[in-house]
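A quick write-up on the structure given underneath.
Keep in mind the model is a prediction, meaning the values are calculated, not measured.
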Number of protein chains: 2
Amino acid sequence: MPTKDAFAIGALSEETGVNIETIRYYERIGLLRKAARSAAGYRLYRAGDVARLCFVRRARDLGFSLEDVRRLLALADRESRSCEGAKEIAEAHLEEVRAKLVDLRQMERVLAATVKACGRGAVPDCPLLGSLGRLT
Amino acid sequence: MPTKDAFAIGALSEETGVNIETIRYYERIGLLRKAARSAAGYRLYRAGDVARLCFVRRARDLGFSLEDVRRLLALADRESRSCEGAKEIAEAHLEEVRAKLVDLRQMERVLAATVKACGRGAVPDCPLLGSLGRLT
DNA sequence: GTACAGCCTGTAGCGACTACAGACTCAACA
DNA sequence: TGTTGAGTCTGTAGTCGCTACAGGCTGTAC
């Protein structure tokens, strides 16, 4: 490590909870800037990179797509850090999340009811299989 | 079409609501048996295939993986069609669905709160971007 | 005969990773 | 100084469940 305050990808991974392979992947697709390199070719990171990657991780935890994260990062890089843009992205994403919730809740209801109707094993004509359809 | 009661992939797709490409995909991965062929090489289907594919579609609608669907199909093909096996598959899947629900609900809560805290556009220091983290 | 829809195969792309293989580097210890 | 073992590198391929072509054949209607 030639410079002070610089650390390798393993440390960044530890620090952020993001998989090493995933960090390299993010760099490859241009979500993260290309890291500086040591003489031997090791990627070198600094505190700022930790902050950036934590930002990415939190956004991912909220379910934002990598494309959204890319845009959010760009917005956060602007001086003003105003709500402009960011709010629209979040609102659109919130819509999707709510739509998925509706679907999942429906699945949950049907599955729970079907499982409940199921016997202990020996019962013929399983209601679960029946609900999926007769195979002729 | 050499035989009566046989129809081509387009009709099967219409009948079941499953995309043509998806049907071919299911056949390729062995989820559906290889279809009979006309002299010219067209796939030929019958009523039984409609039932089978509807079964698959319903299971997919409930969020079962293709691997689960494969197992459920095998269970449904057995004479007894007992609950044995099927119930375990469904219960495991229900667990996953519930876990996803927990995650999604959490996302929804955080997102909704953050969006609500967001201003109309000109406000600096957007709380949404702030909640994701400061970039140094 | 000539459109045109429908079907065929094979391949590649999506999103967001994950998992190697095979080679190099670095730090610690004997 | 040599050696071990952990860490890192690149490049490629696999995952899941489709979807979208390209380029060619077939079937039907006019």
Between the base of dG27(D) and the side chain of Y42(B), is there any donor-acceptor pair under 3.5 Å? no
Residues R33(B), E27(B): salt bridge by 4.0 Å N-O rule: no
Can we say D103(A) and R98(A) salt-bridge, meaning some charged N sits less than 4.0 Å from an Asp/Glu carboxylate O? no
Of the options dC7(C), dA16(C), dT8(D), whose atoms approach the side-chain atoms of Y25(A) most closely? dA16(C)
Closest approach to the side chain of A40(B), judged atom by atom: which nucleotide of dC17(C), dT19(D), dG27(D) is it? dG27(D)
On a heavy-atom basis, which atom in L75(B) and which in E84(B) lie closest, and how many Å separate them? CD2-O, 3.8 Å
5' precedence on DNA chain D between S65(B) and A11(A) (nearest-nucleotide basis): A11(A)
Verify the contact: side-chain N or O of [X] to OP1 or OP2 of [N], cut-off strictly under 4.0 Å; return yes or no.
| X | N | answer |
| --- | --- | --- |
| T22(B) | dG17(D) | no |
| R37(B) | dC25(D) | no |
| R43(B) | dC8(C) | yes |
| R24(B) | dC8(C) | yes |
| N19(B) | dC18(D) | no |

Which residues share a side chain to side chain donor-acceptor pair (under 3.5 Å) with R109(B), sequence neighbours left out: Q106(B)
For [X] and [N], give me the distance from atom [atom1] to atom [atom2], rounded to whole Å.
| X | N | atom1 | atom2 | value |
| --- | --- | --- | --- | --- |
| E21(A) | dC20(C) | CD | C1' | 8 Å |
| E67(A) | dC17(C) | CD | P | 13 Å |
| F7(B) | dG27(D) | CZ | P | 18 Å |
| L44(A) | dT8(D) | CG | C1' | 11 Å |
| E27(B) | dG17(D) | CD | C1' | 17 Å |
| R70(A) | dA16(C) | CZ | P | 10 Å |
| I23(B) | dG6(C) | CD1 | P | 14 Å |

Which part of the nucleic acid, if any, lies within reach of [X] when heavy atoms closer than 4.0 Å are counted: base, sugar-phosphate only, or nothing?
| X | value |
| --- | --- |
| I20(B) | sugar-phosphate |
| R60(A) | sugar-phosphate |
| Y26(B) | sugar-phosphate |

Quick check on DNA chain C: between I9(B) and G63(A), whose nearest nucleotide comes earlier from the 5' end? I9(B)
Report yes if the side chains of R71(A) and E67(A) come closer than 4.5 Å at any heavy-atom pair, otherwise no. yes
Hey, does the side chain of [X] reach the backbone of [Y] with a donor-acceptor pair shorter than 3.5 angstrom?
| X | Y | answer |
| --- | --- | --- |
| R57(A) | T16(A) | yes |
| S13(A) | V18(A) | yes |
| H93(B) | L62(B) | yes |

Considering only nitrogen or oxygen atoms on both sides, find all protein atoms under 3.5 Å from nucleotides 12-15 of chain D and state each distance.
none

